[in-house]
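These values consider heavy atoms only, across backbone and side chains, with no hydrogens, waters or symmetry-generated copies. Chain letters run A, B, ... following the sequence lines, proteins first, then strands; residues in each count from 1.
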Amino acid sequence: MIENILAGHAVNAVNQLFNTQIEPSLLAVQRTIPAFRNQGDFSLVVFPLLKISRKSPEETASLIGNKILSLMPEAEGFGVVKGYLNIRIKPEYWMQFLITHQNEFSYGKSEAATGNPVVVEYSSPNTNKPLHLGHIRNNLLGYSVSQILKASGKNVVKVNLVNDRGIHICKSMLAWKLYGNGETPPSSGKKGDKLVGDFYVMFDRKYKEELSALMEKGLTEEQAAAASGLMTQAREMLLKWEARDEETLKLWNTMNGWVYEGFDLTYKRLGVNFDKIYYESQTYLLGKKIVEEGLQSGVLFRKEDGSVWINLIDEGLDEKLLLRSDGTSVYMTQDLGTAQLRADDYNPDKLIYVVGNEQNYHFDVLKLIMKKMGRAWADSIFHLSYGMVELPEGKMKSREGTVVDADDLMDEMIATARAMTEELGKIEDFNSSEAEALYNMVGLGALKYFILKVDPKKNMTFNPRESIDFNGNTGPFIQYTHARIRSIMRKAGDNIIFSGADNLHPSESDLLILLYQFPQMVELAAKELSPSIIANYLFEVAREYNQFYHELTILKEENPGSRSLRLAISQMTSIVIKNGMGMLVPEDVVLGSKKYKPEKNIFLSILRGGGGGGAPPTRCALTISS
RNA sequence: GGCUCCGUAGUUCAACGGAUAGAACGGAAGUUUCCUAAACUUUAAAUACAGGUUCGAUUCCUGUCGGGGCUACCA
């Protein structure tokens, strides 16, 4: 890439001028800021070289500039502002780039994957709670990071961890048994996950009623809890489950099945999917074995009451419980087993966990334990920790009933898209299924883009109204730009072949250089595990394209060289938007597939939602505060 | 209290230690006989505070103030 070529020549120039070999890292090559674009395309900061040159910044820059001009065939001129050397690259270089890549439909995406896989865990919700806004961020991040890693040439395995066992699962089962009257998703008309979630809530309500009744009789809260018949029955059910009681297992399978079916629908709409599902019910025993191993090797210790702990005080942390005094496992126990299983299954380069930042401590501890247990792969554990999602009205709180359900939110986004479209009267010639498809694409595209454009590390505010605006840094703005380009390409006909033009307009070269940088952006996003880098880049591409579109005529351009140049740039822009969007979400969900023949209205060109296959899914239980 | 993350225009987001801190929304003012105006152009507006390191700090370090999270034999 040209930045590296330029840096290489700069190193040589310094060597020849000042007889000093410098590290390329000393030289920062960056895109020239717009204010000085009249001088050059890329800039070199020469301040770090002043000690070597022993000359003024301006003089040093001029000397290097002249030397680079003689060394570098791609350079055609330079300008100097203070310590900044601005190098102009020949237009032919950018045209050649366009000639080479104009019809490369996989531009920016690596075709072949190499190396051991990267395992990305995401989603992992609690099967008692339907997915909410917090999960949406988790799912979108996990899916997108996986796509970005793939695009950068990694083998990626997307995995989900299902929290399908434990006392909380028994609570919803018990409530269904006692009060459910045989209700099923079809009989109630509820989604499976919602139905089970309702019984979980019902257990909690009945339990509290029982407690207050007992406390009215004079028991303390603790006594009441111990005397609770409901809780006793739940515990009994857990014991039965662990003892593989047939009837309990049957109910367990049935109700889990309902939840998975419900989650499946939500996953499908979100457009996420998984390569492998891990179930806690299948990993917690392995976790217990690892605890056993740790006890024998002396890494772990047992307290008098029988509970097992690890001492991490020397590491600046605390003592951490790994097994309860009654021998049952805790959250961490199963994670030890799950991590081991993944290491055995894939021998991965990296084990990425997409989990909210409230669990930072948990993953620090997980990594440390594995290290102390002598697992060489412990260092490959990486917690992709993301911030909370808030609403303009404030935080979601389950107690206050302000949790935004994922399905409801998606419905609302689609409804807003409908209302806005109808208000503008844009699609009067659409049939109903086309219109529905459009609302889906715009509504869901808005939601997904808005959430992914923010740096994962940061807390964010999701503003539904703002997200769906066609003006501004939004998904619909990018979708609209893509639709505009497709419209032009359709009118231009199929074979656009650019072979050269007389000159480059600044709008053309700015856009072209931006397109040129796409692969670098993918690399950066993969390195940082940050979809926001791709999202913000795509916005810039779309903005730049709209400017270009407004400023220059394309189809009606009379100069054939310029016309084909602009068409080829348009073509590449649409490829970059399509491939880039595909690294955020399944691209046909937000940009449409080619199956439609959008003759009557170009909005159809962004139509048609596909959606990936879904699969069943704990870690998200606490992304909302309670 | 301890640990940790974060404080950038009115608001929501950007900025490998580099130029005059970018956008978007909202505010103000414009652009349609022309490939989609769900677009484009112009404009006012910000680095919480105090030190330090550096040729250069929004970025790194220290402290203060303000906010989030964690600190369960919950997950």
Side-chain angles (χ1 to χ4, degrees), chain A residues 25 28 30 32-36 43 45-48 50-51 57 81-84 86 124 126 128-129 163 166-168 280 303 305-309 316-318 321-326 328-332 334-335 356-362 364 385 387-388 390 392 395 420-421 423-424 426 442 450 453-455 457-463 465-474 476-477 479-481 483-485 487-492 524 527-528 532-533 535-536 539-540 543 546-547 549-557 566 570 601-603 618-622 625-626:
Chain A
S25 59
Q30 58 196 337
T32 303
I33 62 171
F36 302 112
S43 302
V45 186
V46 303
F47 289 110
L50 300 184
K51 280 179 194 155
V81 180
K82 291 188 280 184
Y84 293 85
N86 304 313
S124 310
N126 184 320
N128 276 324
K129 288 178 184 168
N163 175 232
I167 187 75
H168 55 291
E280 250 192 60
K303 289 195 178 175
D305 63 3
S307 56
V308 179
W309 299 73
L317 301 175
D318 215 336
L321 177 89
L322 296 178
L323 277 185
R324 296 191 185 98
S325 50
D326 66 0
T328 57
S329 65
V330 292
Y331 183 46
M332 183 61 80
Q334 63 78 27
D335 247 330
N357 62 13
E358 73 270 1
Q359 295 193 40
N360 287 352
Y361 184 73
H362 176 79
D364 287 348
S385 159
M388 287 191 355
E390 292 176 21
K395 256 178 226 171
M420 286 178 63
T421 307
E423 195 181 326
L424 283 165
K426 281 277 172 185
V442 171
F450 198 90
K453 77 171 179 179
V454 182
D455 185 335
K457 290 195 293 287
K458 296 193 174 170
N459 289 351
M460 66 171 295
T461 304
F462 175 68
N463 185 329
R465 213 180 53 246
E466 196 179 305
S467 76
I468 206 160
D469 199 330
F470 274 76
N471 291 305
N473 188 353
T474 65
F477 175 81
Q479 291 171 316
Y480 171 70
T481 306
R484 267 186 149 177
I485 300 173
S487 168
I488 287 201
M489 301 318 289
R490 223 170 15 256
K491 286 174 183 162
L524 184 62
K527 190 177 142 236
E528 303 286 327
S532 69
I533 291 170
N536 286 302
F539 171 62
E540 212 180 317
R543 201 161 43 89
N546 277 319
Q547 221 176 88
Y549 176 96
H550 186 260
E551 206 166 327
L552 303 168
T553 53
I554 302 170
L555 288 170
K556 290 176 184 164
E557 170 60 39
R566 289 168 196 170
S570 299
N601 187 306
I602 63 128
F603 263 110
T618 23
R619 300 216 188 265
C620 293
L622 300 182
S625 39
S626 50

| When the distance from CD1 of A:Ile167 to P of B:A75 is rounded to whole Å, what number comes out? | 10 Å
| request: Tell which nucleotide pairs with B:U32, taking only Watson-Crick or G-U wobble pairs whose two distances are both under 3.5 angstrom. | output: none
| task | Name the pairing partner of B:G27, where a pair is Watson-Crick or G-U wobble with both distances under 3.5 Å, or state none. | result | B:U43
| said: When both hydrogen-bonding distances must be under 3.5 Å and the geometry is Watson-Crick or G-U wobble, what is B:G1 paired with, if anything? | reply: B:U71
| query | Roughly how far, to the nearest 0.5 Å, is the OH atom of A:Tyr549 from the CZ atom of A:Arg484? | reply | 4.5 Å
| query | Is it true that A:Asp455 and A:Lys457 have a side-chain N and a carboxylate O under 4.0 angstrom from each other? | reply | yes
| Could you state the NZ-C1' distance from A:Lys527 to B:C16, rounded to the nearest angstrom? | 7 Å
| remark: Here the gap from A:Ser532 atom OG to A:Met460 atom CE, rounded to the nearest 0.5 Å, amounts to 10.5 Å
| request: Would you mind telling me which residue lines up with the more 5' stretch of RNA chain B, A:Ala35 or A:Leu317, judged by nearest nucleotide? | output: A:Leu317
| field | Side-chain N or O of A:Lys458 closer than 4.0 Å to phosphate OP1/OP2 of B:A14 | value | yes
| message | What's A:Asn86 touching, base or sugar-phosphate or nothing? Going by heavy atoms closer than 4.0 Å. | response | base
| field | B:U20 phosphate, OP1 or OP2, under 4.0 Å from A:Lys82 side-chain N/O | value | yes
| query | Starting at the 5' end of RNA chain B, which residue's closest nucleotide do you reach first, A:Tyr549 or A:Thr474? | reply | A:Thr474
| note | Out of B:U12, B:A14, B:C25, minimum distance to the side chain of A:Phe450 belongs to B:U12
| said: So if I take every side-chain heavy atom of A:Glu358 and compare against B:C70, B:C40, B:C55, which nucleotide ends up nearest? | reply: B:C70
| field | Minimum-distance pair of heavy atoms, taken over all atoms of A:Phe36 and A:Asn86 | value | CB-ND2, 4.1 Å
| Euclidean distance, A:Asp469 CG relative to A:Phe477 CZ, rounded to 0.5 Å | 10.5 Å
| Which of these nucleotides, B:U20, B:A75, B:G69, is closest to any side-chain atom of A:Phe36? | B:U20
| task | Indicate whether OP1 or OP2 belonging to B:C74 is found under 4.0 Å from a side-chain N or O atom of A:Arg324. | result | yes
| request: Using both distances under 3.5 Å as the test, list the Watson-Crick or G-U wobble partner of B:U58, or none. | output: none
| Roughly, in whole Å, what's the span from CD in A:Glu551 to C1' in B:C34? | 15 Å
| task | Classify the nucleic acid contact of A:Ile468 as base, sugar-phosphate or nothing, counting any heavy atom under 4.0 Å across all strands shown. | result | nothing
| remark: Rounded to whole Å, NE2 of A:His550 lies from P of B:G30 at a distance of 16 Å
| query | Just by distance, with hydrogens left out, do A:Asn360 and A:Ser385 show a side-chain donor and acceptor under 3.5 Å apart? | reply | yes
| Span that lies between the P atom of B:U41 and that of B:U32, in whole angstrom | 15 Å
| said: Counting only side-chain nitrogens and oxygens, does A:Asn546 get under 4.0 Å of the OP1 or OP2 atom of B:C40? | reply: yes
| Using a cut-off of less than 4.0 Å, is there contact between a side-chain N or O of A:Gln547 and OP1 or OP2 of B:U41? | yes
| request: Measure the CZ-NZ distance between A:Arg566 and A:Lys556 for me, rounded to the nearest 0.5 Å. | output: 14.0 Å
| At under 4.0 Å between heavy atoms, what does A:Tyr84 touch on the DNA or RNA strands: base, sugar-phosphate, or nothing? | base
| query | Which part of the nucleic acid does A:Pro48 contact within heavy-atom distance under 4.0 Å: base, sugar-phosphate only, or nothing? | reply | base
| message | Rounded to the nearest 0.5 Å, what separates atom CG in A:Asn546 from atom CD1 in A:Ile485? | response | 8.0 Å
| Of the nucleotides B:A38, B:A19, B:U71, which has the atom closest to the A:Thr421 side chain? | B:A38
| query | When all nucleic acid strands are considered with a 4.0 Å heavy-atom cut-off, which category describes A:Met460: base, sugar-phosphate, or nothing? | reply | sugar-phosphate
| request: Pick the P atom in B:C74 and in B:G17, then give their distance to the nearest Å. | output: 43 Å
| task | Select base, sugar-phosphate, or nothing to describe what A:Thr481 touches, counting heavy atoms under 4.0 Å on all strands. | result | nothing
| Does B:A38 have OP1 or OP2 sitting under 4.0 Å from an N or O in the side chain of A:Arg484? | no
| query | Under 4.0 Å between a side-chain N or O of A:Arg465 and OP1 or OP2 of B:G26? | reply | no
| field | Watson-Crick or G-U wobble mate for B:A19, both contacts under 3.5 Å | value | none
| When you compare B:C3 with B:G63, how far apart are their P atoms, in angstrom units rounded to a whole number? | 10 Å
| field | Separation between the C1' atoms of B:C34 and B:A29, rounded to whole Å | value | 24 Å
| said: Just the rounded figure in Å: distance from C1' of B:G2 to OH of A:Tyr361. | reply: 11 Å
| request: Return the value, rounded to whole Å, for the distance between atom NE2 of A:His362 and atom P of B:A72. | output: 14 Å
| task | Choose from B:A24, B:C25, B:C35 the nucleotide whose nearest atom is closest to any side-chain atom of A:Ile488. | result | B:C35
| task | Consider the side chain of A:Thr461, meaning its heavy atoms from C-beta on, and name the nucleotide among B:A23, B:C35, B:U12 that approaches it most closely. | result | B:U12
| Spacing of the P atoms in B:C60 and B:C6 (rounded, Å) | 8 Å
| query | At under 4.0 Å between heavy atoms, what does A:Val330 touch on the DNA or RNA strands: base, sugar-phosphate, or nothing? | reply | sugar-phosphate
| Paired with B:C49: which nucleotide, if any, by Watson-Crick or G-U wobble criteria at under 3.5 Å for both distances? | B:G63
| note | Rounded to whole Å, the CE-P distance (A:Met332 to B:A72) equals 13 Å
| message | Among B:A37, B:C35, B:A75, which nucleotide has an atom closest to any side-chain atom of A:Tyr331? | response | B:A75
| message | Once you apply a heavy-atom cut-off of 4.0 Å, does A:Asp455 come out as touching a base, just sugar-phosphate, or nothing? | response | sugar-phosphate
| query | Side chains of A:Phe470 and A:Val442: closer than 4.5 Å at any heavy-atom pair? | reply | yes
| field | Test item: A:Ser307 and A:Leu323 side chains (from C-beta on) under 4.5 Å apart, heavy atoms | value | no
| task | Measure from the ring centre of A:Phe477 to the centre of the six-membered ring in the base of B:A38, then say whether that distance is under 5.5 Å and the planes meet at under 30°. | result | no
| Starting at CG of A:Asn463 and ending at P of B:G26, how long is that distance when rounded to a whole Å? | 11 Å
| request: Determine the Euclidean distance between corresponding P atoms of B:U58 and B:G52; express it in Å to zero decimal places. | output: 14 Å
| A:Ala28 side-chain proximity, nearest of B:C16, B:C35, B:C55 | B:C16
| query | When the C1' atoms of B:U12 and B:G7 are considered, how many whole Å apart are they? | reply | 15 Å
| query | If the C1' atom of B:A45 is compared with that of B:U8, how far apart are they to the nearest Å? | reply | 13 Å
| said: Is it the case that the base of B:A19 and the side chain of A:Ser43 share a donor-acceptor contact (distance under 3.5 Å, atom types as modelled)? | reply: yes
| query | Are the ring of A:Phe470 and the six-membered base ring of B:A38 within the stacking cut-offs of under 5.5 Å and under 30°? | reply | no
| message | Suppose we define a pair by two distances each less than 3.5 Å, Watson-Crick or G-U wobble; what does B:A38 pair with here? | response | none
| said: Please classify the nucleic acid contact of A:Leu50 as base, sugar-phosphate, or nothing, using heavy-atom distances under 4.0 Å. | reply: nothing
